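The block underneath contains the structure these notes are about, expressed in structure tokens.
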Amino acid sequence: TYTSSNSSIFQIIDLGKGKCKVVGKTEGTGLVTLTIKTTDGSTLTEKVFISVYTKLEQCEAKASKTISVYRK
């Protein structure tokens with residue numbers, strides 16, 4: 001599951017198959033938290049810090065982070 005630490009700043013849209021899209025609502029910062037529950041009952045967590053700034057008309061940007069999870 002993906003969660004937002006500050007849903008008034010940005011929204012997380014689950015795209016399925018382990019992918020999500022983050023949509024900014026207003027300027028601010030927060031964390032996107034990915035929580036994975038394994039078949040043996042363990043919980044794995046990864047956090048990504050997000051900053052949202054006012055969109056510039058002349059500029060477009062895309063950031064991407066791929067997270068690989070391995071079990072021992």
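Model, not experiment: these values are computed from the prediction.
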Please identify each residue that fulfils side-chain contact (heavy atoms from CB on, under 4.5 Å) with [X], with sequence neighbours left out.
X	answer
Ser7	Ser4
Ile13	Gln11, Leu15, Lys21, Val23
Thr29	Phe49, Ser51

Considering residues at least two apart in sequence or located in another chain, which fulfil the side-chain hydrogen bond (donor to acceptor under 3.5 Å, both in side chains) criterion with [X]?
X	result
Thr45	none
Asp14	none
Ser42	Asp40

Looking at Thr26 and Val52, what are the two nearest heavy atoms and their distance?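 Between these two residues, the closest heavy atoms are O-CG1, 3.2 Å.
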
Grab the two heavy atoms, one from Phe10 and one from Ser5, that are nearest each other, plus how far apart they are.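 Distance-wise, the nearest heavy atoms are CZ-N, 4.5 Å.
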
Approximate separation, where rounding is to 0.5 Å, of Leu34 CG and Ile12 CD1: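 Taking CG in Leu34 and CD1 in Ile12, the distance rounds to 9.5 Å.
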
State the CG-CD distance between Leu31 and Glu46, to the nearest 0.5 angstrom.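 So the CG of Leu31 and the CD of Glu46 are separated by 11.0 Å.
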
